[in-house]
Structure formats: structure tokens, C-alpha cells
Amino acid sequence: MIHDPRTSIIDKRLENVKNIIAIGSGKGGVGKSTFSSLLSLFLNKKGYKVGLLDLDIYGPSTHLILNAEDKTPQEEYGLKPVDINGIEFMSIIYFTQNKPLIMRGKELTDTILEIFAITRWNNLDYLIIDMPPGMGEVLLDLIKFIKNLQFIVITNPTKIAMETVEKLIRFLKESNYPILGLVENMKNKDGTFVKEKCKELNVKYLGHISF
Amino acid sequence: MIHDPRTSIIDKRLENVKNIIAIGSGKGGVGKSTFSSLLSLFLNKKGYKVGLLDLDIYGPSTHLILNAEDKTPQEEYGLKPVDINGIEFMSIIYFTQNKPLIMRGKELTDTILEIFAITRWNNLDYLIIDMPPGMGEVLLDLIKFIKNLQFIVITNPTKIAMETVEKLIRFLKESNYPILGLVENMKNKDGTFVKEKCKELNVKYLGHISF
Amino acid sequence: MHEWALAEAVVNSAIKMAQEKKLSQVRILSLKVGEVQQIDMEVFDYAIKEISKGTILENSEIKYTIFPAKLLCNNCGNEWSYMESFESLTEEEREAIHFIPETIHVYIKCPKCKSPDFEIKEGRGVFIEEIT
Amino acid sequence: MHEWALAEAVVNSAIKMAQEKKLSQVRILSLKVGEVQQIDMEVFDYAIKEISKGTILENSEIKYTIFPAKLLCNNCGNEWSYMESFESLTEEEREAIHFIPETIHVYIKCPKCKSPDFEIKEGRGVFIEEIT
Ligand SMILES: Nc1ncnc2c1ncn2[C@@H]1O[C@H](COP(=O)(O)OP(=O)(O)O)[C@@H](O)[C@H]1O
Ligand SMILES: Nc1ncnc2c1ncn2[C@@H]1O[C@H](COP(=O)(O)OP(=O)(O)O)[C@@H](O)[C@H]1O
Ligand SMILES: [Mg+2]
Ligand SMILES: [Mg+2]
Ligand SMILES: [Mg+2]
Ligand SMILES: [Mg+2]
Ligand code: NI
Ligand code: NI
Ligand SMILES: [Zn+2]
Ligand SMILES: [Zn+2]
């Protein structure tokens, strides 16, 4: 039987990473990338060693927020993430010249496996993973291949966003994947709708960020 | 050789639909679903026969905007779309009880094929398709299976959104798929950034919608 | 009965395939029918015959092979039969899967690891196997 | 040389597989190496041997089968060889595909229909074929 050697090296590549936190939502445009970037900057400033991995393969954004476009990962027994003011950073844009990259789900799996197999993170306190919208390969493969993965879920305070975010939360809860909590982003008026949803779904409300 | 009979029936199911317009972006949260719904309501009010198909399988939203949740498609030599104030409407939520539906890309293809194969649209002037974010199966399969497909692309006026929206536009342009134009949604201050991008990308600027 | 829509797809495809093979009359049409959709075979067969009337498919023999549905977990590798899980489904859930088989991920989980991330390895929809 | 990272993955996996097979010493390790990644075989072989030192893989024979890469268009069904398209790639584009083969969709289109929606049907990465 043919065997893919990448799946067994992933644990080793992440063995010196203390916390792996995926920033997810299910919904697009709620601020996953903004929050992932700001959280990385914040933790780094607090003195933690931080890595940021952009796994939104179709629509990477964190390179823009961190102004990380003009660097390149160095080849050294694999690929060393780029150093952005002390944050170790990896994104698909280093391989696409930021051009359109279309692909089907099976290939998303291969892309993610390859990135994990060849990226050599240093010792990290936190690896933050910026996720794409949707509940397909990126979500399912992170769950499948990454041990000790934790989630922070992010939403905005609209019924439309929460409709989809609730689906991600229910899926994670039903499958017993740990959710650190929910962040309410883009809050532009008073309201307790999201807080109440958190209670209903039994998820910790971590706080809000104003619009 | 095994043959899938669904692919050849799709043309027939759509033979009485005059215009098929996919509302895409690549980016999430820019208002694809809001715009798809409003466009459908608008065209319907103008006297056109309109269908709306929600193909955001992981995160359907248009049922909320149209308040379409409490109906069910009727079985009649296939499935008749639900009638929402004169708009023919179809969404995955009629099969999921609005619960989380995870799946991989290969299965997205099967889902879309099945929906097209069994849904019996009436004569329509317009079929509006609400697309998910990303550039995977839903985009690639619409292009592959639906003849005479046209796109309206939607963005918000931020660099972050446009970074990804530009990728979709470039992909469509390079492959010669017709783009009717670009809509700038959520405009909350003056600025000509999106208009200039349209010129650069050679896409018609259709107008803006205020935040 | 959305079996009529599936039947129409089959007849439509079969005629195209027969034309490509330059058959003037179809003798045998062999279909694979997956168990997942729980197709009403009586209605399906009747519909195919009705829709075939007046075409080169009329009076052909239609052979059906019903394929047992096997589910394969992407998460833990477990393989099991759809019928094991079928018993526990409500009428409404069965109906949803009847229309869109992929909604199976809403209603069924891997009996071993409880993941909904599995695939329908065999027995998904209707396929044309052979036409002569 | 990211060939070292791939070599490390191979050695790591091979040792696990050998342990599962309860081998005390590996005699032969057979690898399939796809053409798409354009792996530097000299470096790769050297790296595998270096990393194997002191393990049950040391002194085993490593057999390589290089697999020609075939691309299959999802849009029009056309099949072609990666090498046909390879010639027209710049150094930088080859390097990107060397690291992440799926970036091939950025740089190559189906020669027949110009779609980037194709798959790497054969010859993608590195696989362990057999270990004895
Ligand atoms: N708290 C906020 N206030 C104002 N704008 C925000 C805020 N958070 C995010 N944005 C903007 O919203 C858009 C979507 O954010 P982004 O991080 O790209 O979301 P996602 O990654 O979930 O798609 C971007 O234009 C971003 O600048
Ligand atoms: N013009 C607008 N002004 C204010 N809010 C808007 C506007 N368009 C969309 N929204 C809101 O933005 C969010 C994302 O819209 P949605 O249509 O769901 O986007 P998408 O379908 O692209 O993910 C929703 O909460 C929606 O109500
Ligand atoms: Mg993002
Ligand atoms: Mg980008
Ligand atoms: Mg939407
Ligand atoms: Mg919904
Ligand atoms: Ni039926
Ligand atoms: Ni290399
Ligand atoms: Zn399982
Ligand atoms: Zn082609």
C-alpha cells in the first residue's frame, strides 16, 4: 500500500509549538484575518514567541495587514517562515506571486499537507492559524492532522453572520473540538444578541471589538 | 465506461431560463447574499420572472433575507422551487433543517449537480445564483456545467477585500468568462479606489451601495 | 416523485450515448442504482419507460444493479454500510438524503469516531453502466 | 535545499512503517518520486542516507521510481504531460511548484482549452511504495 510520508512528519514539525489556535468563523468577512494578525502582534508584544500561518489559500489577507509581501521564506532543511517584526509568518502568497490560484478541495488538502511538512517553525508559544470561510477541506484537514488544535471563533453582530457561525460552533461542539471562546467583531451599536447566543451555545464570550 | 446522467440534463433544466447571473466575489462578507436577494426582488418588481439559487452550501444566507425558511419545495416530476412573493427560490436549507453541513469539495460538486438535475425552474427571465466565497468547486463547476453563465462581481471599498476580488476578476478575465460589471458595496466614505481598480482591470463599474 | 427527474436524466443521457454509438435501437440499458438515495424502483422504472416512448430507447430492456452503500470515514478509516445507520434516521432525514445524498453529513456520523467527515465510497446515485 | 525536509518525512514514516511490520532492519525502501516537484535526486538521496544513520534504515537499499507527471483537464478532459508545459516556465515559477505543487494552477493552463482547472493525475509528490 502506497504511503504518504507527509502525514507523519507534521507532529514533528509542530513538536516545539506550545499552543495552536485556529481563528475560524465559517462566515467570510467578519475579521478573521484582521483578528489573527492583531492577536499575533499583541502576543508578540507581550513577549511570547508567535507564528502566524495564513491558510486562506484562495484569499490570503494577513500579508497585507502585516506588510509582509516583499520578503521570501529561506530554504534551510525545509522552509523557514519569514520574520515580520519578530513574528514567524507563512502564507501561500510566497509561492503564487499573489496571482489567482484556483483549485479543487482534494488539492487544498495537498497544499496544506505540503505547507505543514516543509515549514520549520522555531520554538513557539503560539501558532495562530488564519482560516478561510466555509466548512470544507481546510477545517476538516486541520482537525484531522493537527493535534491539540484549539479554536477561537469570530463573528460580527448580525443575524446573517451568526446564522453561519452557529453552524461552525455546533459542528465543533458536537465533535468535541475545544473552543476557547467567541469574539464579537465590528460592534457598531449596543446589543446583547451575540452574548446571548454564546450562552445558548455554551461558548465563552471573549469580548468585542468596535467597528 | 460509467456515465453520470446528471450532467446532460442540466441544459434541459435551464433551457427556459434567459439569463443566468452568478453573484461572486471570491471574498466573503462583502454582501453577495444581500445583493443577490435585493437584485432578485428588484427584477421581480420590474416585472421580470426571477429565480434565486443559493449555492453557498456551507453558509446559506438568502433564506434569512427573504424570510423563506418555513416553506418546502414541492415534489412534482422533480422539485419545484419555493415561491417567495413571486420569486422562485431554492436553497440547501430545505434539506438540512438548517443544521451544520460539512463536506469536502468532491461532494460539493455532487451536491450542485444534484440540485441542478432535480430542480425544475419555470420560464425565467433571470436566474440569480448566490455564490460562496473562495475559488473552488462551486465556481469551477458552475463554469464547467452551466452554459451562458454571466458574472456580477461584488466588493467593498477596502484594500483587503479588493486583494481577493481582484484574483477572481483576473481568473475570469483570463478564461474569458463574461463579467457584467462590479458593484461596490458598503461604501461609507468618498473614494475612487474601486473605480480606478475597475479601469485597471477593464471591468465595468456598475455603481455603489452605501453602508 | 422526483424519481421522474432522475428518470428523465437517464433517458436523456442514454439517448445521447446511443446516438454517439450510432445505435438505431437500444437493446439493453444497464443502470447502477446506489442504495443511498433509496429510489422507489417501481416508480423509477415506470418513469423511464414512459419517458422513453417514441425514442430509440422504447422497448429496450432496462437492467438494474442495486449497489449497497458503503461509507468510509476520512477521519479514522472506518468503513461501514449505510444500512447500519439508516435504521436510526427519521422519515424527514431519509427524505433529505433521498433528494441530496450529501446531506447525509448532517444526519449520520462515523459509528467509530463520531466524525461527519466521511465519504460515500459506493452506492451514491444513478449511473449508466452500459448501453447496447 | 528543502529536499532535506522531504527526506526527513520519508525517513520518519519509513521507520514507523518498519516498526509496525516489526522489521529489525530495513533491507529495501522503495520510493515513488513524482516529476512535478523536480526534486534534486542527488541531494534527496544523500539526505535520506544522512538522516537514516543510527536508525533501522541505515544501510538499507533505497530504490527510486521517477513518475512522469500527467495532467488531466477537469474542464475538457484533455490529458498532457507536465514536461510539455514545463519548458515555458520561468525559474521562479518552477521553484514555486517545486515547493507547493498545487501552485501549478497559477502558472500552467490546459493547452487545449486554456483552463487552469486540471488535476495532477500522476507524478505529484513523494510516496513510500514498499518497505521490506
Ligand atoms: N473591527 C473592525 N472595524 C472595522 N473594520 C474591520 C474590523 N475588523 C475587520 N474589518 C474590515 O472588514 C473587512 C473584512 O475583514 P477580514 O479580516 O478580511 O475578514 P475575514 O478574514 O473574516 O474575511 C476588511 O476590510 C477589514 O479591514
Ligand atoms: N450595503 C450594506 N450596508 C450595511 N450592511 C450590509 C450591506 N451589505 C451587506 N451588509 C451586511 O454585511 C454582512 C455580510 O453580507 P452578506 O450578504 O452576508 O455577504 P456575503 O454573502 O458576501 O458573505 C451582513 O451582515 C449584511 O447584513
Ligand atoms: Mg481572511
Ligand atoms: Mg492576498
Ligand atoms: Mg453569502
Ligand atoms: Mg443559513
Ligand atoms: Ni423522490
Ligand atoms: Ni528544494
Ligand atoms: Zn471515523
Ligand atoms: Zn482543457
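Residue numbers begin at 1 in each chain, while the letters A, B, ... track the order of the sequences. Side chains are part of it too, since the values below use all heavy atoms of this structure and drop only hydrogens, waters and symmetry mates. Since this is a predicted model, take the numbers as computed values, not measurements.
- The nearest pair of heavy atoms linking A:Tyr58 to B:Thr164 is O-CG2, 4.1 Å.
- One finds the CD1 atom of B:Ile65 at 10.0 Å from the CD atom of A:Glu163 (value rounded to the nearest 0.5 Å).
- A distance of 8.0 Å separates CG in B:Leu139 from CD1 in A:Ile102, rounded to the nearest 0.5 Å.
- No more than 12 heavy atoms of other residues, nucleotides or ligands lie within 6.0 Å of NZ in A:Lys45, so this atom counts as exposed by the packing criterion.
- Among the candidates B:Pro132, B:Gly29, B:Pro100, the residue making the largest number of heavy-atom pairs closer than 4.5 Å to chain A is B:Pro100.
- Atom CG of A:Asn85 has 12 or fewer neighbouring heavy atoms from other residues, nucleotides or ligands inside a 6.0 Å radius.
- Aromatic rings of B:Phe211 and A:Phe211 (six-membered ring for Trp) have centroids within the 6.0 Å cut-off, being under it.
- Within 6.0 Å of CZ on A:Phe42 lie no more than 12 heavy atoms contributed by other residues, nucleotides or ligands.
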### Message
For A:Asp141 and B:Arg104: C-alpha separation, side-chain torsions, deciding distance, then whether salt bridge (Lys or Arg N to Asp or Glu O under 4.0 Å) applies.
### Response
CA-CA 10 Å; A:Asp141 288 328; B:Arg104 288 175 178 264; 2.8 Å; yes
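- Heavy atoms from other residues, nucleotides or ligands lying under 6.0 Å from CG of B:Asp70 number 12 at most.
- If you measure heavy-atom distances from A:Pro133 to chain B, the contacts under 4.5 Å come from the side chain alone.
- The environment of NZ in A:Lys144 is crowded: more than 12 heavy-atom neighbours from other residues, nucleotides or ligands sit within 6.0 Å.
- Within a 6.0 Å radius of NZ in A:Lys197, more than 12 heavy atoms belonging to other residues, nucleotides or ligands are found.
- Residues B:Lys167 and A:Pro60 are in side-chain contact: their nearest non-hydrogen atoms beyond the backbone lie under 4.5 Å apart.
- Looking at A:Thr109, the atoms closer than 4.5 Å to chain B (heavy atoms on both sides) all sit in the side chain, from C-beta outward.
- Environment of CG in A:Asn148: sparse, with no more than 12 heavy atoms of neighbouring residues, nucleotides or ligands closer than 6.0 Å.
- Distance check: B:Lys99 NZ to A:Glu166 CD gives 12.0 Å after rounding to the nearest 0.5 Å.
- Within 6.0 Å of the NZ atom in A:Lys80, the count of heavy atoms belonging to other residues, nucleotides or ligands does not exceed 12.
- Contact count against chain A (heavy-atom pairs under 4.5 Å) is highest for B:Leu140 among B:Val30, B:Leu108, B:Leu140.
- A:Asp56 contributes atom CG, which lies 7.0 Å from atom NZ of B:Lys27 (distance to the nearest 0.5 angstrom).
- Distance OG1/B:Thr34 to CD1/A:Ile160: 4.5 Å, rounded to 0.5 Å.
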